[in-house]
A.B. asks: 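The structure's right below; bear with me while I get my questions together.
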Amino acid sequence: MSAPVPLELGITRSPGTSTPGKRVLLAEPRGYCAGVDRAVETVEKTLEKHGAPVYVRKEIVHNRHVVETLAEQGVVFVDETDEVPEGSVLVFSAHGVSPAVHDAAATRNLHTIDATCPLVTKVHQEAKRFARDDFDILLIGHEGHEEVEGTAGEAPDHVQLVDGPDAVDAVTVRDPSKVIWLSQTTLSVDETMTTVQRLREKFPQLQDPPSDDICYATQNRQVAVKAMAPECDLVIVVGSRNSSNSVRLVEVALGAGAKASYLVDYAREVDPAWLEGVETIGITSGASVPEILVRGVIDLLDEYGFHTVQSVTTANETLVFALPRELRDARH
Ligand code: SF4
């Protein structure tokens with residue numbers, strides 16, 4: 001196997017030992033976003049400060065490797081607050097929770113630390129504000145996703161979920177002049193715009209959110225995949241099946257011209273049959289994916305003669321979020 005691939009922006013490994021024609025395109029940006037980075041660090045610092053066990057409601061972020069690694073360090077993942085012993089430390093995940101969950105934690109006297117991504121919190125604030133103004137809020141998102149449950153829970157009497165363009169027909173509102181759409185942060189930009197267009201045909205006075213709800217990280221990763229997909233025989237997306245933004249990257253890759261695209265948690269899930277007759281492979285990863293997992297895929301492809309790695313860079317991300325207040329002294 002060849003030496004490790006340098007992953008700095010724009011670096012291309014010399015094709016010296018490459019099999020002719022075989023190359024890897026590496027999307028940039030990919031992987032961890034600022035919200036995931038903050039959420040994972042929040043759990044790590046909580047463990048340092050309070051010791052194990054630390055309880056986390058739901059998966060802190062939707063990635064198998066991250067969850068399993070934290071569980072080995074003493075984190076206990078639970079579905080609901082009533083599984084947490086009274087008085088324990090409980091972290092809320094990056095996807096956010098509804099006020100009802102905060103209340104349930106308070107009744108059990110839990111010490112809560114909120115790792116909700118600030119960009120999800122922003123959507124919660126929008127939901128509260130437009131509910132106060134008595135709008136019908138059409139929340140575009142995936143039924144059952146934790147983020148959507150948290151956002152809808154801010155104003156259950158005003159929010160109705162619209163799960164894609166096909167759900168528009170069933171939407172009814174009280175007053176068509178007071179309707180706004182909001183969205184989950186990790187959707188496909190293109191599909192969401194199709195849903196909005198259909199909603200607007202039905203409700204011409206539909207208002208737009210004050211700012212984009214689909215977050216910068218989701219949008220940037222989709223733009224990078226779109227840039228490389230037309231050249232790719234195959235796009236491998238590293239990410240978990242319950243990660244909304246990772247699943248969207250597969251769809252975006254296929255929609256932008258990749259001949260095939262698959263989602264894998266680990267390099268070992270790459271099927272050698274996918275590589276037959278393939279020359280250009282694109283690699284990207286969802287916003288909850290540590291870089292070590294991408295490196296594993298690059299190393300595996302190296303064994304199959306894909307020694308040349310070229311970055312396809314469409315944006316540089318520098319955003320960093322502060323940790324929750326009580327942990328700020330712990331960040332180095
Ligand atoms: S994907 Fe976007 S909304 Fe979700 S944690 Fe990352 S930055 Fe926040």
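Computation of the quantities below employed the complete heavy-atom set of this structure, encompassing side-chain atoms and omitting hydrogens, waters and symmetry-equivalent molecules. All of these numbers come straight from a predicted model, not from anything done at the bench. Just so you know, ligand 1 is whichever comes first in the structure, and atom 1 is the first atom listed for that ligand.
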A.B. asks: Counting from 1, what ligand 1 atoms have a heavy atom of Tyr216 closer than 4.0 Å?
C.D. replies: 7 (S)
A.B. asks: Taking the six-membered ring for Trp, are His102 and Phe92 parallel (under 30°), tilted (30 to 60°) or perpendicular (over 60°)?
C.D. replies: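 Judged by the thresholds at 30° and 60°, the geometry between His102 and Phe92 is perpendicular.
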A.B. asks: In this structure, are over 12 heavy atoms from other groups packed under 6.0 Å from Glu143 atom CD?
C.D. replies: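 No, CD of Glu143 has 12 or fewer neighbouring heavy atoms, counting only those of other groups under 6.0 Å.
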A.B. asks: Applying salt bridge (Lys or Arg N to Asp or Glu O under 4.0 Å), name anything that partners Asp79, two or more places apart in sequence or on another chain.
C.D. replies: Lys58
A.B. asks: Distance below 2.8 Å from atom 6 (Fe) of ligand 1: how many protein N/O/S atoms qualify?
C.D. replies: 1
A.B. asks: Evaluate the ring planes of His145 and His62, with Trp represented by its six-membered ring, and classify them as parallel (under 30°), tilted (30 to 60°) or perpendicular (over 60°).
C.D. replies: perpendicular
A.B. asks: More than 12 foreign heavy atoms under 6.0 Å from CZ of Arg325: is that the case here?
C.D. replies: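 For Arg325, atom CZ is not crowded (no more than 12 foreign heavy atoms under 6.0 Å).
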A.B. asks: Whether the side chain of Glu191 engages the backbone of Ser188 through a donor-acceptor N/O pair (distance < 3.5 Å, no angle test) should be reported.
C.D. replies: no
